[in-house]
Amino acid sequence: MSDDLRQARLKKLAALRELGLDPYGQRFPGAIPVREALGLFVEGREDVAVTVAGRLMALRKMGKAQFADLHDITGKIQVYVREDKMDPAQAARFPHLDLYDLLGVSGTLFRTRTGEVTIAARELTPLAKALNPPPEKWHGLTDVEVRYRKRYLDLIANPEVRETFLRRTRIIASIRRELDARGFVEVETPMMHPIPGGAAARPFITHHNSLDMDLYLRIAPELYLKRLLVGGFPKVYEINRNFRNEGFSTKHNPEFTMMEVYEALGDYSTMMELTEQLVATLAREVSPAHRIPFDGAVYDFTPPWRRVAYMDLFREHAGVAWGDAAAIRAKAAAAGLPTGSRPVEAVANDLFEKYCEPTLTGPVFVIDYPTAICPLTKAKRDRPEICERFEAHVAGMEIANAFTELNDPIDQRARFECQLANKDEGMARIDENFLDALGYGMPPAGGLGIGIDRVVMLLTNSKSIRDVILFPMMREQEAS
RNA sequence: GGGGGCGUAGCUCAGUCCGGUAGAGCAACGGUCUUUUAAACCGUUGGCCGUGGGUUCAAAUCCCACCGCCCUCACCA
């Protein structure tokens, strides 16, 4: 039983206490990262002293000698223990170790007969006793459910998982660096909204007790970032969580990380250039040759990316004419898509997503969307039925969505009212405060949203969004 | 929500088709071993076979329901 394994470890914990040691350790100054320690080795010398701290991942006992593998985030170092040639008080500590214990080790570096740089241990300091038995050492932890529920074990046991999440961190840092260098200012806007807006999605509802008011976890920060444009911040961005109360999949997590950028005096063309440059920079950091492998294909993000007009794609692949409302509804119904009382453009867009988007490999910009499905986007001056919006698609995923922002408060109100009339579109209530803000004058601007999780998926060759979110949404389950 | 798959020791997995005493490797425990690399060798322990019901003389195995996970479709500005 697992309980037996635990009991064996508790016995060793007690033994450490009897030696006067604290199995859970104290401040441990002087430890250096494992990789750094390995770098201090000087060929031919065996007197270089180092101190490291890490997790005990393997133990090979050979009579009076034993070899241990100590891991930290930077790597692995082997520890050599000769019980008969050590201070007896120190030697007495070693029999009470278990795999996964956290240890501090001091000693001198040498090279073993088989060539591995190793610490000859002089001093051992317990830092934390592991009471739970570890996953199997060779196959590691493969059960995806356990990997997601106990991500800490996944990170310990699977080095490539560590690498994926470190890369995620580097990607986000790089985005910030690039935007900061271009003069964008990072801001934080509310996560709890009285009216959910800026996207069409079902929100999570929560409640503020002392105000006795329902609040919504934000589905997008858009309407608040635009208020900042009104307020005179010309270039703002936010990287933070959005929440959408919808089904989840390999490409959707209920909470996900979105970056939104707004640039006063720009438009969707400037956002297209920004998108290309940002993603290309990230891709170059992953692969200087600009060859990004993903799901069996290879993508090159070198600008400029292909641009294709929405209507051209529709004409080519939808199988019906954009203007033929009856044919559009008939085709959608035949395809099992909802038609009902929805506006014909919304139904047509379903056809677009079903028949046109899958033909895109990318990276590609789909540009110039029908105005009817873009309530926050400025229409083209000469063609009011088309608006200045693009989506960037790669490998069947939408990774970016941007437009020339609608800044006419009267037009914006009309669009909201039209949206509200179609209950189907999911809008609950018009955000009057947002319209009021536009009434003070918002500069013409380009706005861009990039789904960070999906970009990280692309750049880490991860097929599931759960592999790039440390703690993906899971049904609650009792602790095991 | 629909369809498909999976759930057996702490971990990685056989066994299920075709019902007949619950298996292996790793880990643990006890030995041998003074430079090993998944150390090796000898021995021992460890199981509500996801949960509940049914069929049967007999169920890990067949049937039903439920729980959880994965894939897929649907939903999804």
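All heavy atoms count here, side chains included; hydrogens, waters and symmetry mates do not. A quick note: this is a predicted structure, and the numbers were derived from the prediction, not measured. Each chain gets a letter, A, B and so on, in the order the sequences are listed, and its residues count up from 1.
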Open item on the list: If I take atom CG in residue Asn242(A) and atom P in nucleotide C76(B), what distance separates them, rounded to the nearest angstrom?
Closed with: 18 Å
Open item on the list: What's the gap between C49(B) and U61(B) when it is taken at their C1' atoms, as a whole Å value?
Closed with: 10 Å
Open item on the list: One thing to verify: whether Glu83(A) and Lys61(A) come together as a salt bridge, which I'm taking to mean a side-chain N less than 4.0 angstrom from a carboxylate O.
Closed with: no
Open item on the list: Please classify the nucleic acid contact of Tyr369(A) as base, sugar-phosphate, or nothing, using heavy-atom distances under 4.0 Å.
Closed with: nothing
Open item on the list: With a 4.0 Å cut-off on N to O distance, would you call Asp72(A) and Arg35(A) a salt bridge?
Closed with: no
Open item on the list: Can you measure Leu141(A) atom CG to C26(B) atom C1' for me and round it to whole angstrom units?
Closed with: 14 Å
Open item on the list: Counting only side-chain heavy atoms from C-beta out, which of U35(B), G68(B), C70(B) sits nearest to Arg466(A)?
Closed with: C70(B)
TODO: Could you work out the separation of A22(B) and A60(B) based on their C1' atoms and round it to a whole Å?
DONE: 8 Å
Open item on the list: Checking base pairs now: Watson-Crick or wobble, both atom distances under 3.5 Å. What partners U56(B)?
Closed with: none
Open item on the list: Side chain of Thr250(A) only, heavy atoms from C-beta on: which candidate in U37(B), U72(B), A74(B) is closest?
Closed with: U72(B)
Open item on the list: Considering every strand and a 4.0 Å limit on heavy-atom distances, what is the contact class for Gln78(A): base, sugar-phosphate, or nothing?
Closed with: base
- [ ] Can you tell me the pairing partner of C33(B) across any strand shown, Watson-Crick or G-U wobble, with both distances under 3.5 angstrom?
- [x] none
Task: G25(B) versus U8(B) - spacing of their C1' atoms, nearest Å - done: 15 Å
Task: Quiz item: Arg113(A) side-chain donor-acceptor pair to U35(B) base, under 3.5 Å - done: no
Open item on the list: Once you apply a heavy-atom cut-off of 4.0 Å, does Glu391(A) come out as touching a base, just sugar-phosphate, or nothing?
Closed with: nothing
Open item on the list: Tell me the interatomic distance from Ile77(A), atom CD1, to U36(B), atom P, rounded to whole angstroms.
Closed with: 18 Å
Open item on the list: Please list all pairs meeting ring pair (Phe, Tyr, Trp, His ring centres under 6.0 Å) that have one or both residues in residues 386-411 of chain A, counting only residues at least two apart or in different chains.
Closed with: Phe365(A)-Phe390(A)
Task: Rounded distance in Å between the C1' positions of U55(B) and C64(B) - done: 11 Å
Open item on the list: Without decimals, in angstroms, what is the distance between Tyr100(A) OH and C26(B) P?
Closed with: 17 Å
Open item on the list: Any base atoms under 4.0 Å from Phe110(A), or only sugar-phosphate, or nothing? Heavy atoms, all strands.
Closed with: base
TODO: Answer with yes or no whether Thr112(A) presents, from its side chain, a donor or acceptor under 3.5 Å of a partner atom in the base of U36(B).
DONE: yes
TODO: State which of C11(B), A39(B), C70(B) makes the closest approach to the side chain of Ala58(A).
DONE: A39(B)
- [ ] Could you state the atom-to-atom distance from CG of Asn349(A) to P of C76(B) in whole Å?
- [x] 11 Å
Task: Ionic contact status for Glu260(A) with Lys226(A), cut-off 4.0 Å - done: no
Task: Value in whole Å for how far the C1' atom of A39(B) lies from CG of Asp69(A) - done: 11 Å
Open item on the list: Taking side-chain contact (heavy atoms from CB on, under 4.5 Å) as the definition, give me every residue that meets it alongside Pro194(A), ordered by chain and number, with sequence neighbours left out.
Closed with: Leu215(A), Tyr224(A)
Open item on the list: Just to be sure I understand the rule, does Lys61(A) reach a base, reach only the sugar-phosphate, or reach nothing, if contact means heavy atoms closer than 4.0 Å?
Closed with: base
Open item on the list: Tell me the interatomic distance from Lys463(A), atom NZ, to U72(B), atom C1', rounded to whole angstroms.
Closed with: 17 Å
Please enumerate all protein N or O atoms sitting under 3.5 Å from an N or O of nucleotides 27-30 of chain B, with distances to 0.1 Å.
| unit_1 | atom_1 | unit_2 | atom_2 | d |
| --- | --- | --- | --- | --- |
| A27(B) | OP1 | Lys137(A) | NZ | 3.0 |
| C29(B) | OP1 | Lys12(A) | NZ | 2.7 |

Open item on the list: Checking contacts here: which listed nucleotide (G68(B), A39(B), C70(B)) is nearest the side-chain heavy atoms of Arg60(A)?
Closed with: A39(B)
Task: Gap separating the CG atom of Asp312(A) from the CD1 atom of Ile367(A), nearest 0.5 angstrom - done: 8.5 Å
- [ ] Can you sort out the partners of Thr142(A) under side-chain contact (heavy atoms from CB on, under 4.5 Å), two or more places apart, ordered by chain and number?
- [x] none
Task: Among A39(B), C76(B), U37(B), the one nearest Thr114(A) by side-chain distance - done: U37(B)
- [ ] Taking the six-membered ring of Tyr100(A) (Phe, Tyr or Trp), confirm whether the NZ or CZ of Arg55(A) is under 6.0 Å from its centre and within 45° of its axis.
- [x] yes
Open item on the list: When both hydrogen-bonding distances must be under 3.5 Å and the geometry is Watson-Crick or G-U wobble, what is C69(B) paired with, if anything?
Closed with: G5(B)
- [ ] Quick one: look up who G47(B) pairs with, Watson-Crick or G-U, both distances under 3.5 Å, and put none if it's unpaired.
- [x] none
Open item on the list: By nearest heavy atom, map Tyr80(A) and Gly198(A) onto RNA chain B; which one lands nearer the 5' end?
Closed with: Tyr80(A)
Task: Pairwise P distance for A14(B) and A24(B), with rounding to whole Å - done: 16 Å
Open item on the list: Restricting to ring-ring contact (aromatic ring centres under 6.0 Å, His included), what partner residues turn up for Phe256(A), sequence neighbours left out?
Closed with: none
- [ ] For Ala121(A), check side-chain contact (heavy atoms from CB on, under 4.5 Å) against everything at least two apart and list the hits.
- [x] Val79(A), Val81(A), Phe94(A), Val105(A)
Open item on the list: What I want to find out is whether Asp69(A) reaches Arg60(A) closely enough, with some N-O distance under 4.0 Å, to be called a salt bridge.
Closed with: yes
TODO: Determine: side-chain N/O of Thr142(A) to OP1/OP2 of C13(B), distance under 4.0 Å, yes or no.
DONE: yes
- [ ] Could you work out the separation of C18(B) and C63(B) based on their P atoms and round it to a whole Å?
- [x] 10 Å
Open item on the list: In whole Å, measure the gap between the C1' atoms of G10(B) and G47(B) for me.
Closed with: 12 Å
Open item on the list: Both Arg244(A) and Met474(A) contact RNA chain B. Which one's nearest nucleotide lies toward the 5' end?
Closed with: Met474(A)
Task: Rounded distance (Å) that lies between atom C1' of A39(B) and atom CD of Glu116(A) - done: 13 Å
Open item on the list: Please name the nucleotide paired to A14(B) by Watson-Crick or G-U wobble geometry with both distances under 3.5 Å, or report none.
Closed with: none
Open item on the list: At 4.0 Å (heavy atoms only), tell me whether Asp143(A) reaches a base, stays on the sugar-phosphate, or touches nothing.
Closed with: sugar-phosphate
Task: Presence of Arg149(A) side-chain N/O under 4.0 Å of C69(B) phosphate oxygens OP1/OP2 - done: yes
Task: U61(B) - base-pair partner by Watson-Crick or wobble geometry, distances under 3.5 Å - done: none
- [ ] With P as the reference atom in both, quote the distance from G20(B) to A58(B) in angstrom, rounded to an integer.
- [x] 14 Å
